[in-house]
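On a predicted model such as this, the values are computed, not experimentally measured, just so you know. Heavy-atom basis, side chains included; hydrogens, waters and symmetry copies ignored.
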Amino acid sequence: MQNIYILFIFLLFVGCGGGSSQTGTEETPDEVVTETSVLIGKAQLGVLSKATVKLYELNGVEQKLLATETTSSGDSIESIGNFNVHLEKLEDDKFYLYVVSEGEDFDVDDDGVIDEFPTKNRGTFHLFAKGSSIKAIQNINVTLVSEIMYQKILPFLESSSSEIVEKLKAFAQEIIETDINGDGFVGREDILRYDPVNNKSNLSSQYQDQLDNMVLNILNGRDYSFEYNTSSVVKPTVKDIILSVDENTPVGTVIGKVAVEDSGDSEILNYNIYGSSDFEIDNSGEIKILVFPNYESIKSYQATYTASNHAGESTQASFTVNVRDLYEPTVVDYPKTEDGIQKALDNGDYYYVLTQLLTNQSSYNDMNSDEINMNIAGAYVGISGYTVYDITSAISDSNDSNSSFNGFINNITQENDTLSTLNALEEADRYYSDIVNGVDCNDTSGLTDEQKSSCFNLGLVRLTSLSNSVKLLFGGDEEVVEKWAEGVETNSSEDLNGNGVIDSSDAAACTIVYANNPDESCKSGTTHTYRGKVTFTKSGVDYNTTFIEVDVGSSEHGYETFYKLVTNKANNNSPLLTNGVCDKNFNLTTNSVDGVNYFPCPMLDSSGEPMGLKESLEVGANIQGLFPDGSETKTTTENYIKNITGSSNGTIGLDNLSDYLQGS
């Protein structure tokens with residue numbers, strides 16, 4: 001069964017695992033940091049000992065890792081928290097980012113006195129500055145004030161250099177009230193020299209009032225975004241909207257946006273719909289339909305909606321969605337028989353099939369329940385973007401593992417909306433499973449034709465779901481998946497699969513290792529670092545995840561940082577399938593993941609639960625049981641699983657995948 005290879009061929013080029021430290025100093029381009037380095041930077045909430053400091057060169061939102069440091073320990077405020085700024089790596093006209101995480105705080109209350117017992121830091125904070133400013137000031141401090149500046153400058157990272165410099169100056173004069181560095185005026189260099197022990201009184205009062213709470217939030221790994229509009233008094237104003245949607249529009253489709261007449265004097269936080277559960281408005285204002293509209297059943301939906309900001313909720317506006325009637329074949333075109341349904345499937349009229357068999361089953365007297373379910377499943381397979389012919393052709397294209405794999409990639413991980421594909425395949429799985437429930441697919445004697453076909457088709461659907469899950473895990477990009485199929489050097493230390501490309505698929509492989517055992521290391525050339533917990537909120541439900549950072553690269557190819565999410569469940573770690581970037585309230589954004597305000601957006605299944613690779617693998621572990629004993633398909637499937645994973649019982653799981661990644 002060639003397509004089980006879809007998961008493992010990605011990992012075939014990984015080679016042997018190698019040790020990599022999660023703390024301490026990493027080898028970086030052109031230099032290995034030594035203890036003789038000049039320490040002229042300081043990580044200071046209070047002073048942080050044994051914290052990780054990463055230096056990135058920025059090009060817009062793109063990051064290049066230049067160095068990784070560990071802050072100093074000691075027995076005084078002066079000796080704790082120091083690190084090498086790496087002035088020799090900085091160019092005057094470029095921008096740089098220092099990222100501080102982990103470590104122990106020895107002066108939580110910033111009174112200048114060493115605490116008897118340190119406080120563990122579970123959060124992250126930043127310093128953003130131009131190379132010329134860092135060189136001019138030299139002794140820089142990474143603090144809450146530099147974090148506030150970083151949060152303010154994030155939306156402008158892709159602006160021109162001169163505009164960024166002007167923003168830095170303006171924000172500095174907003175944050176700081178009186179000169180800190182002694183040059184006679186307030187400017188961006190004062191941000192770099194701010195010292196929480198001695199300079200709190202130099203800040204504007206609105207910032208002084210929030211610092212203590214922000215310290216506690218960072219130390220505990222909680223959200224610590226600065227509230228810019230605490231005195232907001234003007235609520236938003238929204239207008240009535242009328243939208244239209246074609247009948248048979250897939251569930252989850254965006255059908256329009258809300259109409260905001262006035263957003264008030266602060267950012268809009270969320271939207272609410274009243275009087276209907278058939279739609280959803282995300283925090284960007286996009287409206288999604290959550291039902292399968294059928295003009296013959298309902299011609300118009302009515303509801304109201306509101307918008308809220310820091311000042312409160314707007315008054316309600318009306319929300320109308322009219323369903324457009326589409327031409328559907330008449331009884332003459334498609335008779336109410338099984339032959340008529342088959343003609344509709346052959347013509348790609350999948351929504352006609354669903355409309356008929358989900359709402360008008362009584363008209364099809366020549367079909368039993370299994371035949372109806374099988375055709376419903378077939379329609380969902382068609383909606384997913386595939387046909388059974390597509391999948392079987394991809395399997396049988398070639399006997400050569402590489403070429404057939406590449407053919408399978410081109411056919412199965414085609415350019416599609418992977419999430420919609422997975423949701424459609426999940427529905428197909430449900431109807432095929434109803435047919436084969438309680439039967440033994442290994443022994444086809446005594447099975448009906450519908451049961452035999454459904455066993456085989458269910459196996460194909462699960463293989464295709466598994467391949468699309470892997471596509472999402474590796475970044476959701478068809479080209480990245482194909483690059484993984486083209487590994488050029490099995491034992492390369494430059495990147496995990498040896499294709500000479502630093503990409504998110506390398507980070508995904510590292511995440512599989514982490515999810516199976518956080519104490520294991522990735523292959524030489526990558527490191528993973530625990531970054532803390534992130535809680536996403538969607539439709540009033542909190543989803544708790546574990547957030548990790550994966551650094552991939554070499555001195556030749558440079559370094560890149562990728563962020564990954566893992567389910568935060570006891571004894572059930574699993575890499576989460578993600579698609580796009582969003583904030584902690586599931587607002588999709590065009591910003592890049594920064595690990596502070598923007599994160600990989602976790603995918604939710606039709607039940608509203610995060611989609612994890614572990615669950616996909618568990619489904620894949622039962623694929624071989626869906627094919628009859630003695631068949632070539634079953635033998636091929638079992639051999640692939642056994643040969644690639646080394647598993648004697650033919651199971652697929654994070655544990656044997658992790659063992660394979662780390663094996664010799």
Side-chain angles (χ1 to χ4, degrees), residues 1-4 6 337-346 348-358 360-361 364-396 411-412 421-469 605-606 615-616 618-638 641 650 652:
M1 188 59 142
Q2 194 70 31
N3 51 352
I4 192 66
I6 182 70
T337 62
E338 183 175 9
D339 285 342
I341 291 296
Q342 288 302 312
K343 288 179 180 178
L345 287 174
D346 291 341
D349 289 329
Y350 305 121
Y351 290 109
Y352 170 82
V353 173
L354 292 181
T355 300
Q356 291 296 311
L357 298 186
L358 291 174
N360 193 27
Q361 290 186 14
Y364 293 85
N365 297 321
D366 65 335
M367 299 172 66
N368 61 39
S369 60
D370 280 354
E371 290 169 333
I372 288 175
N373 284 344
M374 194 166 133
N375 283 294
I376 292 173
Y380 276 117
V381 171
I383 290 171
S384 75
Y386 301 105
T387 66
V388 170
Y389 176 78
D390 292 331
I391 305 171
T392 53
S393 295
I395 296 170
S396 59
N411 283 290
I412 298 305
T421 294
L422 286 170
N423 286 333
L425 291 174
E426 182 183 9
E427 288 298 309
D429 189 308
R430 184 159 66 91
Y431 283 95
Y432 281 134
S433 295
D434 282 346
I435 299 171
V436 303
N437 183 35
V439 307
D440 182 3
C441 290
N442 291 286
D443 183 4
T444 59
S445 61
L447 298 186
T448 64
D449 290 341
E450 291 77 24
Q451 289 171 334
K452 292 177 184 177
S453 295
S454 295
C455 283
F456 184 77
N457 290 344
L458 180 57
L460 298 182
V461 163
R462 291 183 176 175
L463 285 165
T464 309
S465 294
L466 186 58
S467 66
N468 278 274
S469 296
D605 62 20
S606 57
E615 291 72 27
S616 296
E618 288 172 347
V619 170
N622 298 317
I623 290 175
Q624 62 270 32
L626 294 170
F627 303 107
D629 286 338
S631 68
E632 182 179 352
T633 303
K634 183 181 184 68
T635 301
T636 303
T637 300
E638 290 177 337
I641 295 174
I652 312 171

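Annotation: side chain of Val381 is not in contact with side chain of Asn457 (no heavy-atom distance under 4.5 Å).
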Go through the steps to decide whether Thr337 and Tyr364 satisfy the test side-chain contact (heavy atoms from CB on, under 4.5 Å), and finish with yes or no. CA-CA 6 Å; Thr337 62; Tyr364 293 85; 5.5 Å; no
Derivation of the side-chain contact (heavy atoms from CB on, under 4.5 Å) call for Leu357 and Tyr431: CA-CA 12 Å; Leu357 298 186; Tyr431 283 95; over 6 Å; no
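Sequence neighbours left out, not one pair with a member in residues 444-458 passes salt bridge (charged side-chain N to carboxylate O under 4.0 Å, His left out). Residue pairs meeting the side-chain hydrogen bond (donor to acceptor under 3.5 Å, both in side chains) criterion with at least one partner in residues 434-444, sequence neighbours excluded, are Asp440-Asn442, Asn442-Lys634, Asp443-Ser445.
Looking at Ser465, its side chain never comes within 3.5 Å of a backbone N or O of Leu422 through a donor-acceptor pair.
With rounding to the nearest 0.5 angstrom, the SG atom of Cys455 is 11.5 Å from the CG atom of Leu460. Interatomic distance, Ile435 CD1 to Thr448 OG1, rounded to the nearest 0.5 Å: 8.0 Å. Note that CG of Leu354 is 13.0 Å distant from CG of Asn360, once rounded to the nearest 0.5 Å. Going from atom CG of Asp346 over to atom CD1 of Ile341 covers 11.0 Å, rounded to the nearest 0.5 Å.
Not counting sequence neighbours, the partners of Ala344 by the side-chain contact (heavy atoms from CB on, under 4.5 Å) test are Tyr334, Asp349, Tyr352, Val353. Ser616 meets the side-chain hydrogen bond (donor to acceptor under 3.5 Å, both in side chains) test with Ser469; sequence neighbours excluded. Every residue was checked against the side-chain hydrogen bond (donor to acceptor under 3.5 Å, both in side chains) condition with Tyr380, not counting sequence neighbours, and none meets it. Residues satisfying the salt bridge (Lys or Arg N to Asp or Glu O under 4.0 Å) criterion with Asp429, sequence neighbours excluded, are Arg462.
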Side chains of residues 370-378: which donor-acceptor pairs under 3.5 Å do they make with residues two or more places apart or in other chains?
| residue | atom | partner | partner atom | Å |
| --- | --- | --- | --- | --- |
| Glu371 | OE1 | Asn368 | N | 2.8 |
| Asn375 | OD1 | Gln342 | NE2 | 2.6 |
| Asn375 | ND2 | Glu371 | O | 2.8 |

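In terms of heavy-atom proximity, Tyr350 sits nearest to Leu345 at CE2-O, 3.8 Å.
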